[in-house]
Amino acid sequence: MRAAVLYAFGEPLVIEELDLDPPKAGEVMIRMAASGVCRSDWHGVRGVHRHETPIVLGHEGSAIVEEVGEGVEGLAPGDHVALSWLPYCGSCARCAAGHPARCGQLEAFDQGYLADGTTRFSKGDLRIKHNVPSSFAERSVVPATTAIKVDPGIPLDQVALLGCAVMTGVGAVLNTARVRPGESVVVIGCGGVGQSVIQGARIAGAAPIVAVDLVPSKLELAKALGATATVLGGEGAEGRILDAVGGGANFAFEALGRVETIELATRATGPGGTAVLVGMAPPEARVPLDALTMVYQERTVTGSWYGSTVPPRDFRMLAGLVASGDLRLEPLIGRTMTLDAINEALALFEAGQELRTVIVYG
Ligand SMILES: [Zn+2]
Ligand SMILES: [Zn+2]
């Protein structure tokens with residue numbers, strides 16, 4: 001089976017044949033159907049966020065189950081699954097409190113292993129690490145809790161997007177922020193995550209919904225997906241945002257992970273407002289804060305990790321919204337490519353003009 005392997009930061013991924021061991025207890029073997037290419041993959045390749053290498057990246061996938069390991073219930077060969085990139089133990093204090101996104105037992109996964117501290121990928125004697133689900137591979141083995149069965153009627157290239165951008169964006173609105181009908185929302189950055197925040201805000205009944213980006217075509221799409229007003233970023237954007245939202249938003253979502261736009265999000269909120277940080281900033285990033293205003297206007301800044309997801313609940317909820325037509329995924333797909341073009345797909349992030357590129361497996 002073929003996979004794209006990262007050996008060294010800043011180098012192209014190497015597409016090559018790997019061996020794949022069968023699933024152990026609590027795991028499933030999957031045949032990949034599609035994988036979105038996410039900004040975090042690009043950061044992983046560049047070494048902005050450092051993984052252990054060699055590793056198979058890719059964390060926004062859909063697949064078909066091929067084989068289930070011992071003790072796996074509720075999944076069978078042939079099932080269509082959305083892939084979550086969040087392994088969780090289900091039994092630590094944070095999982096038990098209903099917050100698997102904060103699971104405290106992820107050390108093995110953080111180091112590129114599966115739960116038992118070993119890998120299923122290898123090339124000869126060389127063990128290759130996982131970035132669950134490692135969707136830049138034709139086949140993979142993942143924890144069964146990260147493969148969520150979905151209606152086979154939904155196209156699998158669309159199901160892939162649920163795995164990162166859509167869960168992150170919609171979850172930030174519905175789970176983290178718990179936006180209520182009539183509350184105002186600003187969304188800074190209208191890539192795959194930002195467009196999903198906008199759709200989540202529409203589903204929540206937010207108004208107005210103000211989309212901010214530097215690329216006019218992304219603002220056009222934002223309007224089609226639920227934004228009630230758009231603001232072109234850059235010089236003077238803060239004033240235009242405050243005008244559009246009527247003086248300060250209940251919620252300002254930042255989906256880029258950049259210091260300037262995170263600061264802008266904190267300034268776009270009004271009294272009692274909350275800036276929700278969704279984008280992944282570089283580890284060294286530090287953001288200046290208007291500390292006094294935070295106090296006397298009772299403003300909040302919060303992070304949102306993977307949309308504060310509870311995967312078995314939320315992936316079904318998202319699939320239901322897709323089936324009912326409330327959540328539109330097809331417009332998020334910019335272009336489709338094969339695994340052989342993965343380096344080209346990653347390079348598109350440098351240009352910043354593209355929507356989601358999706359790798360489709362034959
Ligand atoms: Zn991602
Ligand atoms: Zn846990």
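In listed order, ligands and their atoms are each counted from 1. Atom set for the values below is all heavy atoms of this structure, side chains included, hydrogens, waters and symmetry mates excluded.
Counting just the N/O/S atoms of H59, the one with the shortest distance to the Zn ion (ligand 1) is named NE2.
Ring pair F121/H130: centre-to-centre distance below 6.0 Å.
To the nearest 10 degrees, the angle centred on the Zn ion (ligand 1) between SG in C38 and SG in C164 reads 130°. Between the SG atom of C95 and the SG atom of C89, the angle centred on the Zn ion (ligand 2) amounts to 120° when rounded to 10°. With the Zn ion (ligand 2) at the apex, C92 SG and C103 SG define an angle of roughly 120° (rounded to 10 degrees).
The residue from F109, Y306, F315 that alone fulfils the ring pair (Phe, Tyr, Trp, His ring centres under 6.0 Å) condition with W85 is Y306.
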Please lay out, stage by stage, how C190 and I198 fare under the test side-chain contact (heavy atoms from CB on, under 4.5 Å). CA-CA 8 Å; C190 297; I198 288 163; 4.0 Å; yes
After noting the C-alpha distance and the side-chain angles of D41 and R46, does the key distance pass the salt bridge (Lys or Arg N to Asp or Glu O under 4.0 Å) rule? CA-CA 9 Å; D41 298 313; R46 295 286 300 270; over 6 Å; no
